[in-house]
Novice: 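Once you've had a glance at the structure underneath, I'll fire off some questions.
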Amino acid sequence: MKKRHLVTAALPYANGPLHIGHLAGAYLPADIYVRYLRLMGRDVVFVCGSDEHGAAITVKARKEGTTPRAIVDKYHAMLKDTFEKIGIAFDIYHRTSEPLHHETSQDFFRTLLKNNQFEEKESDQYFDEVAGQFLADRYIVGTCPVCAHPEAYGDQCEKCGSTLSPTDLINPKSMLSGSVPVMRPTKHWYLRLDQHEQWLREWINTGRTAEGGKQLHNPADWKNHVLGQCNSWLEQGLQPRAMTRDLDWGVDVPHEIPGSEGKKLYVWLDAPIGYISATKQWALDNDKDWKPYWQNDDTALIHFIGKDNIVFHCLIFPAILKAHGEFILPVNVPANQFLNLEGRKLSTSKNWAVWVHEYCEEFKGQEDVLRYNMIKKMPEQSDSEFTWKGFQETNNNELVNNLANFVNRVLVLMHKYYDGLVPSVNPDQSFKSGWDAEKTGQYNEELHLLHQKLEAMGAEIERFDFREALRIFMEISSAGNALLQFNEPWKTEKENPEMVKVVMNLALQHVAALSVAARPFLPFAAAKLRDMLNLAPLRDEGDLLDVLNELVEGNPIVLPNHAIGQAAHLFSRIPDEVIQKQIDKLTATDPAPTTTEQEQPNTTPSPSKYEPLKETIQFDDFAKMDLRTGTILTAEKVEKSKKLLKLSVDMGFETRTILSGIAEHFTPEEVVGKQVVVLANLAPRVMMGTESQGMILFAEDSEGKLGFVGPSANGWPNGMGVK
RNA sequence: GGCGCGAUAGCUCAGCUGGUUAGAGCGUGCGAUUCAUAAUCGCAAGGUCGGGAGUUCAAGUCUCCCUCGCGCUACCA
């Protein structure tokens with residue numbers, strides 16, 4: 001194992017609160033890993049912070065009539081508070097708007113420039129002639145080519161989730177001035193990723209940056225989907241990537257560099273360097289040196305992220321680090337897959353989520369219950385699912401019935417029989433082992449078994465299998481329950497008090513071991529347990545290592561005559577009403593039916609389903625559109641396209657070829673013969689090698705389902721106007 | 001469309017380089033027990049390992065094709 005660890009968790013974007021998907025994907029696994037390392041006495045720094053730049057934040061500020069600064073201040077404070085409440089124990093939670101970060105990333109940029117890592121390239125970008133500036137993708141709105149949502153952004157449609165590029169938008173408009181943007185050439189700095197392809201391929205697949213080079217990591221330890229995603233990119237060939245953008249909210253390209261006016265560092269540089277700035281700030285605050293953590297190959301650098309971030313952390317950021325020349329590469333990037341909620345994908349825009357700050361309000365004192373559930377459902381190898389019902393069952397059956405109940409019965413019996421003083425034991429006294437009813441137990445040997453379990457648990461954490469680690473943790477509680485069950489102190493106390501002393505002492509050692517081992521998973525419960533046992537609070541400085549060192553010798557971790565505290569309930573049952581309330585809340589904010597309900601006609605949509613009205617236009621604006629009736633004659637799927645159908649439409653006076661993005665809604669057979677309304681004077685556009693000569697109108701419901709729009713009477717003549 | 005990852009008991013998931021009757025937790029059924037938040041402990045039932053073909057003495061595990069889910073990507077009005 002390396003001498004020291006630097007652990008990062010993906011920087012959350014400061015334009016919204018944290019939901020359980022974020023938690024299960026990156027922050028909780030990172031936190032467990034780090035807490036474990038601290039318990040083992042390792043040198044570890046855990047950094048994170050808010051990602052506060054980019055156009056999405058300025059857009060949000062504009063919408064809400066405030067400043068980007070106000071937006072990031074609000075969400076930074078909120079995120080920081082949420083992390084604290086749910087027990088994510090960063091060493092520092094930084095933010096990219098700090099001057100230190102600006103300096104750090106600008107220095108990085110200078111070094112890359114000096115090292116000839118950039119090429120300057122001109123490309124055409126949308127430019128707002130009224131506002132006199134280039135437009136970030138987010139600053140351009142238009143109609144989504146996929147779902148016809150009229151307010152899609154240049155990079156993404158929030159309605160249907162499609163990834164877009166600004167040139168895809170129909171009727172693009174600048175959000176700054178409302179004018180129609182024009183294409184204009186602009187210059188940017190591109191990182192020569194193509195020059196890094198060779199060693200990246202070698203590094204990803206062999207753990208060495210060059211043949212015969214030093215072994216930096218073992219690819220067998222990396223997750224399948226991580227390697228697969230990387231190789232998929234490598235095989236397609238890496239292209240130079242722009243590292244700067246025409247933005248107005250971000251880190252300036254250093255001013256001394258010619259052509260830097262109006263240019264900001266793109267998120268590719270800005271965000272990951274945030275890890276480094278955060279480490280620097282931590283070092284300043286704690287009178288430490290940040291450099292060994294980033295520049296010494298004794299350090300294990302580990303990035304915890306979600307699967308959408310794989311390429312960024314496994315290819316682009318490593319390329320940046322290597323291009324700089326003085327930095328180490330990550331030894332692992334244990335990316336998780338996605339967590340679904342009640343059968344559907346989490347969606348911020350559709351408010352289909354469990355918000356962590358709300359959970360912390362509504363379930364005060366039950367932070368660990370959420371953590372436990374997140375671990376059980378952690379999407380380590382494939383997507384997983386959170387349900388409120390499962391949340392309740394897990395809490396009641398495992399945390400209350402097994403763990404909390406075990407702790408409670410031990411403490412109650414200890415007080416009953418020994419007034420809360422740990423009894424001394426005769427190590428030769430035999431009893432039934434809690435691990436196997438058939439086996440005769442021996443005190444020191446049983447303590448040694450406890451050691452083995454804790455060690456196995458740690459090994460699983462080290463290989464990022466947190467669910468398995470948690471299972472082993474619970475095994476210790478189950479074995480404790482079994483120990484009591486097999487030996488029945490409540491029956492045997494009178495006839496065989498010596499045996500009961502050993503059993504109760506041993507049961508207490510289980511509880512004590514759990515009070516330490518729980519720390520990575522259930523930090524609040526761990527603290528409560530320490531208190532109940534009247535043991536010193538954990539210091540995060542090798543407490544588990546100390547326990548292991550005693551147990552491996554067969555020694556107890558709580559000595560005879562230690563006075564324990566009063567028993568209290570570690571976890572409480574969650575009743576049906578509480579769960580039902582959460583389910584109601586979820587379905588109230590998003591009335592979308594589940595799959596089984598989808599058949600039901602939904603005639604009374606709630607007000608929230610309606611899109612806001614667009615701004616008022618004049619009659620002249622409407623009159624510009626030439627709408628005509630037409631009939632679809634033929635339809636076929638466009639090759640290599642998922643969404644397009646190629647249609648020929650009888651317009652009466654002529655037959656037109658029109659491409660329409662409806663292949664995911666209708667089969668070609670379904671649409672042939674349908675009478676439709678066509679926007680006939682729309683400028684033609686070539687897509688997938690075919691020119692589209694118009695646009696077909698569809699009605700869309702709140703689910704994104706499409707319906708034909710046409711004259712209600714059959715046999716209406718084609719080519720007629722629609723007014 | 002291309003590429004990647006996944007599809008295993010009612011539910012949530014493990015199954016490393018192919019090799020004995022395919023595992024765990026939860027749920028279910030039966031039994032034991034009462035110190036404990038009607039908790040606990042034991043036993044049992046439950047799977048043609050998404051579908052099809054192939055390689056092999058032997059395939060959940062390798063190859064090919066197909067279906068479905070998710071992600072990345074693409075000139076998609």
Side-chain angles (χ1 to χ4, degrees), chain A residues 142-146 148 162-165 167-171 220 223-236 306-311 335 337-338 340 345 376-387 389-390 393-394 396-402 404-417 434 437 465 467-468 470-471 474-475 478 480-486 488-491 493 504 567-573 637-646 658-664 679 682-690 692-696:
Chain A
T143 301
C144 175
V146 180
S162 304
T163 310
L164 305 173
S165 95
T167 49
D168 293 336
L169 292 175
I170 312 159
N171 301 329
K223 297 188 184 189
N224 270 347
H225 61 270
V226 174
L227 294 175
Q229 180 86 68
C230 291
N231 281 318
S232 165
W233 266 63
L234 288 165
E235 271 153 37
Q236 285 171 34
K307 68 171 155 183
D308 51 337
N309 253 331
I310 289 172
V311 168
Q337 309 252 13
F338 287 161
N340 293 322
K345 279 197 274 187
K376 280 208 66 128
K377 298 292 167 66
M378 210 170 256
E380 291 177 332
Q381 308 296 341
S382 54
D383 290 357
S384 62
E385 175 153 334
F386 175 90
T387 61
K389 199 75 198 142
E393 285 174 3
T394 300
N396 294 356
N397 295 331
E398 301 182 35
L399 289 177
V400 177
N401 291 355
N402 191 326
N405 182 239
F406 168 59
V407 170
N408 188 243
R409 64 201 296 216
V410 171
L411 296 215
V412 166
L413 289 175
M414 286 290 283
H415 281 288
K416 198 176 223 170
Y417 300 146
D465 194 343
R467 307 167 65 131
E468 180 64 10
L470 186 71
R471 197 189 59 76
M474 288 303 290
E475 260 185 21
S478 287
N481 272 321
L483 179 71
L484 297 180
Q485 207 62 36
F486 296 155
E488 303 180 299
W490 47 92
K491 268 190 188 169
E493 216 281 315
M504 289 311 301
H569 288 175
L570 197 55
F571 291 99
S572 312
R573 291 207 133 55
K637 288 204 76 160
V638 175
E639 225 169 288
K640 295 191 174 185
S641 167
K642 191 157 51 184
K643 294 162 186 162
L644 283 182
L645 286 187
K646 181 180 172 185
I658 296 178
L659 298 183
S660 186
I662 55 172
E664 289 180 318
L679 179 56
L682 183 64
R685 167 121 171 206
V686 176
M687 289 179 295
M688 305 297 285
T690 305
S692 179
Q693 303 159 326
M695 179 170 164
I696 295 178

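Chain A is the first sequence line, chain B the second, and so forth, proteins listed ahead of strands; every chain is numbered from 1. Computed from a prediction, not measured in an experiment: that's the story for all the values here. As a basis for the values below, the full set of heavy atoms in this structure was taken, side chains included, without hydrogen atoms, waters or symmetry mates.
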Novice: Classify the nucleic acid contact of A:Ser384 as base, sugar-phosphate or nothing, counting any heavy atom under 4.0 Å across all strands shown.
Specialist: sugar-phosphate
Novice: Would you classify A:Leu483 as touching base, sugar-phosphate or nothing, given that sugar-phosphate means primed atoms plus P, OP1 and OP2, and contacts are heavy atoms under 4.0 Å?
Specialist: nothing
Novice: Just to be sure I understand the rule, does A:Phe406 reach a base, reach only the sugar-phosphate, or reach nothing, if contact means heavy atoms closer than 4.0 Å?
Specialist: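 The residue A:Phe406 makes no contact with any strand.
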Novice: Strictly by Watson-Crick or wobble contacts shorter than 3.5 Å, is anything paired with B:C62, and which nucleotide is it?
Specialist: B:G54
Novice: Treating A:Asn397 as the side-chain partner and A:Glu393 as the backbone partner, does any N or O pair qualify as donor plus acceptor under 3.5 Å?
Specialist: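 Pair found, side chain donor or acceptor close to backbone of A:Glu393.
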Novice: Determine the interatomic distance between P on B:G54 and the same-named atom on B:U8; round to the nearest Å.
Specialist: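 Going atom to atom, P in each nucleotide, I get 24 Å.
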Novice: Does a side-chain heavy-atom distance below 4.5 Å link A:Lys376 with A:Glu398?
Specialist: yes
Novice: Could you tell me whether A:Lys345 contacts a base, only the sugar-phosphate backbone, or nothing, with contacts defined as non-hydrogen atoms closer than 4.0 Å?
Specialist: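 Sugar-phosphate only.
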Novice: Taking the side chain of A:Arg409 as heavy atoms from C-beta outward, which of B:A36, B:C72, B:C13 is closest to it?
Specialist: B:A36
Novice: Which listed nucleotide (B:G25, B:C35, B:G71) is nearest to the side chain of A:Lys376?
Specialist: B:G25
Novice: Contact class for A:Ser478 vs. all strands (heavy atom < 4.0 Å): base, sugar-phosphate, or nothing?
Specialist: sugar-phosphate
Novice: Would you indicate what A:Arg471 reaches in the nucleic acid, counting non-hydrogen atoms under 4.0 angstrom: base, sugar-phosphate, or nothing?
Specialist: sugar-phosphate
Novice: May I ask you to say what A:Glu380 touches in the nucleic acid, namely base, sugar-phosphate or nothing, with a heavy-atom cut-off under 4.0 Å?
Specialist: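 Counting heavy atoms under 4.0 Å across all strands, no contact is made by A:Glu380.
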Novice: Rounded to the nearest angstrom, tell me the gap between atom CG in A:Asp465 and atom P in B:A14.
Specialist: 8 Å
Novice: Once you apply a heavy-atom cut-off of 4.0 Å, does A:Val400 come out as touching a base, just sugar-phosphate, or nothing?
Specialist: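 Here A:Val400 touches the bases of the nucleic acid.
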Novice: Provide the Watson-Crick or G-U wobble partner of B:A45, both distances under 3.5 Å; none if there is no partner.
Specialist: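 Looking at the geometry, B:A45 pairs with no nucleotide.
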Novice: In whole Å, what separates the C1' atom of B:C49 from that of B:C30?
Specialist: 29 Å
Novice: Taking atom C1' in both B:C35 and B:U40, what distance in whole Å separates the two?
Specialist: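 Comparing C1' positions in B:C35 and B:U40 gives a spacing of 10 Å.
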Novice: Judged by each residue's nearest nucleotide on RNA chain B, which is more toward the 5′ side, A:Lys307 or A:Gly434?
Specialist: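 Whichever sits nearer the 5' end wins; that is A:Gly434.
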Novice: Roughly how many Å apart are B:G23 and B:A9, using the P atom of each and rounding to a whole number?
Specialist: 14 Å
Novice: Mind checking the C1' distance from B:U37 to B:G50? Whole angstroms is fine.
Specialist: 42 Å
Novice: Could you tell me how far B:C76 sits from B:U67 if I compare only their P atoms? Round to whole Å.
Specialist: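 Between the two P atoms, the distance is 25 Å.
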Novice: Nearest whole angstrom, please: distance from the C1' of B:G71 to the CG of A:Asn231.
Specialist: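 Result: 16 Å.
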Novice: If I pick the P atom on B:C75 and the same atom on B:G10, what distance separates them, to the nearest angstrom?
Specialist: 45 Å
Novice: Under 3.5 Å for both donor-acceptor distances, Watson-Crick or wobble: does B:C68 have a partner, and if so which one?
Specialist: B:G6
Novice: Answer yes or no: is there a donor N or O on one side and an acceptor on the other, between the side chain of A:Arg573 and the main chain of A:Val400, under 3.5 Å?
Specialist: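 Answer holds: no.
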Novice: Checking contacts here: which listed nucleotide (B:C26, B:U40, B:U12) is nearest the side-chain heavy atoms of A:Glu398?
Specialist: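 That would be B:C26.
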Novice: Starting from P on B:C35, measure out to CG on A:Leu413 and report it in whole angstrom.
Specialist: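 Rounded to the whole Å, the gap is 9 Å.
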Novice: For a quick check of understanding: with a heavy-atom distance under 4.0 Å over all strands, which category does A:Asn397 fall into, base, sugar-phosphate or nothing?
Specialist: sugar-phosphate
Novice: Starting at CH2 of A:Trp490 and ending at P of B:C35, how long is that distance when rounded to a whole Å?
Specialist: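 So the CH2-P distance, A:Trp490 to B:C35, works out to 8 Å.
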Novice: Are any non-hydrogen side-chain atoms of A:Val226 and A:Lys307 less than 4.5 angstrom apart?
Specialist: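 A side-chain contact under 4.5 Å is absent here.
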Novice: Scan A:Gly390 against the nucleic acid and name what it touches under 4.0 Å (heavy atoms): base, sugar-phosphate only, or nothing.
Specialist: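 Result for A:Gly390 = nothing.
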Novice: Rounded to the nearest Å, what distance is computed from the CE atom of residue A:Met504 to the C1' atom of nucleotide B:C35?
Specialist: 8 Å
Novice: Under 3.5 Å, is there a donor-acceptor pair between the side chain of A:Asn401 and the main chain of A:Asn396?
Specialist: yes
Novice: Show the nearest heavy-atom pair for residues A:Glu380 and A:Asp465, with the distance to one decimal.
Specialist: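 It is OE1-OD1, 3.3 Å.
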Novice: Would you mind classifying the nucleic acid contact of A:Ala404 as base, sugar-phosphate or nothing, using non-hydrogen atoms under 4.0 angstrom?
Specialist: base
Novice: Just the rounded figure in Å: distance from P of B:U33 to CG of A:Asn401.
Specialist: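 Taking atom P of B:U33 as the reference, CG of A:Asn401 is at 20 Å.
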Novice: How close or far is atom C1' of B:G71 from atom CG of A:Leu227, stated in whole angstroms?
Specialist: 16 Å
Novice: Under 4.0 Å, heavy atoms only, any strand: does A:Gln337 hit a base, just the sugar-phosphate, or nothing?
Specialist: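 Answer is sugar-phosphate: A:Gln337 comes under 4.0 Å of backbone atoms only.
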Novice: Using 4.0 Å as the upper bound for N to carboxylate O, is an ion pair formed by A:Asp383 and A:Lys345?
Specialist: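 The answer is no: the pair does not qualify as a salt bridge.
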Novice: Between A:Glu393 (CD) and B:G10 (C1'), how many Å, whole number?
Specialist: 11 Å
Novice: Which value, in whole Å, describes the distance between the C1' atoms of nucleotides B:C13 and B:A36?
Specialist: 30 Å
Novice: Taking 4.0 angstrom as the limit, do A:Glu475 and A:Arg471 come out as a salt bridge?
Specialist: yes
Novice: Give none if B:U40 has no partner; otherwise give the nucleotide forming a Watson-Crick or G-U wobble pair with it, both distances under 3.5 Å.
Specialist: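 Partner of B:U40: B:A32.
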Novice: If we call it a pair only when both distances are under 3.5 Å in a Watson-Crick or G-U wobble match, what pairs with B:U21?
Specialist: none
Novice: State which of B:G71, B:C26, B:U40 makes the closest approach to the side chain of A:Gln229.
Specialist: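 For the A:Gln229 side chain, the nearest candidate turns out to be B:G71.
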